[in-house]
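Numbered from 1 within each chain, the chains take letters A, B, ... in sequence-line order.
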Number of protein chains: 2
Amino acid sequence: MESKKLRIVDIARLAGVSTGTVDRVLHNRGNVSKAIEARIRAIIEQLGYEPNIIASTLGSNKKYKLAALIPSFEKDPYWEGPYNGICEGEQEFAPFELSVDSYFFHLESSDSFLQQSERVLQAKPDAILMAPVLLRESLSFFQKCKAAGIPFALFNTDVPSEDALCYIGQDSFQSGLLAGRLMSYSINQGGRVALIHIDEDLDNSPHLVKKEEGFFQFFGQKAYQHFKPERYIIQSGTGSGLEAQLTDIIDKKEALCGIFVTTSRAYRIASALESLSPKPSVVLIGYDLLHKNLQYLEKGLIQFLINQNSHGQGYWGIVHLAEFLLYKRVPDKRKYLPLDIITLENARYYPAL
Amino acid sequence: MESKKLRIVDIARLAGVSTGTVDRVLHNRGNVSKAIEARIRAIIEQLGYEPNIIASTLGSNKKYKLAALIPSFEKDPYWEGPYNGICEGEQEFAPFELSVDSYFFHLESSDSFLQQSERVLQAKPDAILMAPVLLRESLSFFQKCKAAGIPFALFNTDVPSEDALCYIGQDSFQSGLLAGRLMSYSINQGGRVALIHIDEDLDNSPHLVKKEEGFFQFFGQKAYQHFKPERYIIQSGTGSGLEAQLTDIIDKKEALCGIFVTTSRAYRIASALESLSPKPSVVLIGYDLLHKNLQYLEKGLIQFLINQNSHGQGYWGIVHLAEFLLYKRVPDKRKYLPLDIITLENARYYPAL
DNA sequence: TTACTTATCGTGTGCGCACACAATATGTGT
DNA sequence: ACACATATTGTGTGCGCACACGATAAGTAA
């Protein structure tokens, strides 16, 4: 027979004190003599008491309020993923009187970030989940959080910080390696391969650089010397259009046979490729299940997408913060989410954007 | 300002009755006049009352007991996945006074299944999660569950049944299609490709047949006519050894360039390939992250593994049953889990076996 | 009418915990 | 001895719900 779960009253009885005293010990509220505290702690330790979280949330009328500081997805549908994940996490913990308020800032606007981060602090949440895509601004925000004693978790961009509770996201280097592998399988005779950044602020985007390093490292292996990886940066706003710049890349002495786009914007390359004639035969690998990407996956213009699991990043961010608050469970510093490989055949099983 | 969550007392007050009456309506306990019941239901409907699950589990002292009827993983490590997932699900719902007992049967033993299924019924669980790998025996067990009024969910093998609450697992046909796709990418010049069943009872394994259909359908597309898929069944116990049978398959007029193994036993083919000399250059695609498979993935003898997400099957099975019991949430009849594509670069992010 | 069922409804207690507050013990100074 | 401050401990109430049980109303037979 299994012994009944022990309760605070059981411990109190065993220690020869009242439940109030045990409660004070459990919550480090002080006002307990050292002798009795030690006795109670010993019993808790030995019998392995674990509080009943259900009764606890019911008994304390505490409501937990989380804040999510994330990019708006008006311009870039990628960011709808984390938001959906955050909502899912919120739902899961709603019975525990936990709610999440989302604050959206514009990706390219430092002002917008500052403004929203200020609103977050004013709301005095119990914890914060944020995407530190703006490096400098985020670092100073970290300080404010620390000063205010508010724990915070990061996702999407791994900004090393002692103060952050944890980071949730992909391992960007490994992600680049994987892209290399997929490229090598799809073009097994070798040839010219291009890595393309589109409209990115590389100085402020360490994760993109990591992807790049992984990609080139893969083709640095001696088994893959017959591949010739090249690196391009395209600014769609400047000079000639995207098609023209792409044509320049493709039409060299040796034909290009593979393109790796480091962000979710592969659809723009696919679109450009589609409009060229004759349509070049190029393997295209990109990121994330944006509807536009999926369209080109169906058309056969994109061969592989690597899913950065943006949904999961939001979801796990909330889960880790919630468990930290509710169960005092300290998460691992880094939670790496899977790098899902997507083709036409399995795309339907992953959340699209 | 957001209105307070409404409680049973609120409804009672609005309806001009006591909480006891509202409670009777909520739980269909009868003994309520039709007029008042209608009034209460109208209020519940309009105001969108939702019971506080926390207070509910605390108030009712009900303990839920689930049973998992699953293959033992002594012989086949694949089955450790569902078990681990079941344990994870159990942990998640432990605060809600829900526990899971696992009953293991031997894959090849009908007797063992009958015996364990009998134990399950005697334990009178509130719901059952099972892997109906033994078709006939499972069907008769379904009847017993139905007679006993115990809801049951299925995973791994999709045995259509009106009585089952739901099925959790992969879409086997789609899985075969995916294998075809991966094969086509890895060998883009085409050639002889073999689908191999190893030691399987195909008559009793409809999901393997589905995979086969998907695989052949993929190569039936006119874009892939340069592939010549062939079908083989290997019985390692009979006649010549596995190596010999494999050699027969490989050494025909035209060389074999791809092998698709329909189960988690690709490592056996890899092992055989390794021992042949000269080592043939063959693309090998299999299933699941068994440690043995991962070893050959590292050695480069296996190119792709498709993860059947056995862990997730157990986990979601428990989650669906728990939510059904706790929240009366009726799950979708079919929950298809992702077909994860695994290479050396992303294997570490998925649970191994 | 009374006595007695039966249908319907209200009340009280407990689940395990958190927390405010009351109660007691201990110590100090006069 | 006293009053009083401080340290320590105990008690009571409520969180929202489930459920047993008691209470009341309505109906029936005598």
Student: Whole angstroms only, please: what is the CZ-P distance between B:R13 and C:dT11?
Tutor: 12 Å
Student: Applying side chain to side chain contact (heavy atoms under 4.5 Å, CB included), name anything that partners B:L47, two or more places apart in sequence or on another chain.
Tutor: B:L6, B:L14, B:I43
Student: Provide, to the nearest angstrom, the distance between the CD1 atom belonging to B:I36 and the P atom belonging to D:dA26.
Tutor: 11 Å
Student: Measure CG/B:N31 against P/D:dT24 and give the value in whole Å, please.
Tutor: 18 Å
Student: Using every non-hydrogen atom in the two residues, find where A:S72 and A:W79 come nearest and quote the distance to one decimal.
Tutor: O-CB, 4.1 Å
Student: Measure the distance from CZ on A:R24 to P on C:dA20 and round it to the nearest whole Å.
Tutor: 12 Å
Student: Please determine, by modelled atom types, if A:R119 and A:Q122 share a side-chain donor-acceptor pair under 3.5 angstrom.
Tutor: no
Student: Is A:R334 salt-bridged to A:D171, going by a charged N under 4.0 Å from an acidic O?
Tutor: no
Student: Among A:L321, A:V319, A:L326, which residue satisfies the side-chain contact (heavy atoms from CB on, under 4.5 Å) criterion with A:E323?
Tutor: A:V319
Student: Each nucleotide in nucleotides 13-19 of chain C should get exactly one letter: B, S or -. Can you fill that in based on protein heavy atoms under 4.0 Å?
Tutor: -BBBBSB
Student: If the test is salt bridge (charged side-chain N to carboxylate O under 4.0 Å, His left out), which one of B:K144, B:K146, B:K333 qualifies with B:D163?
Tutor: B:K146
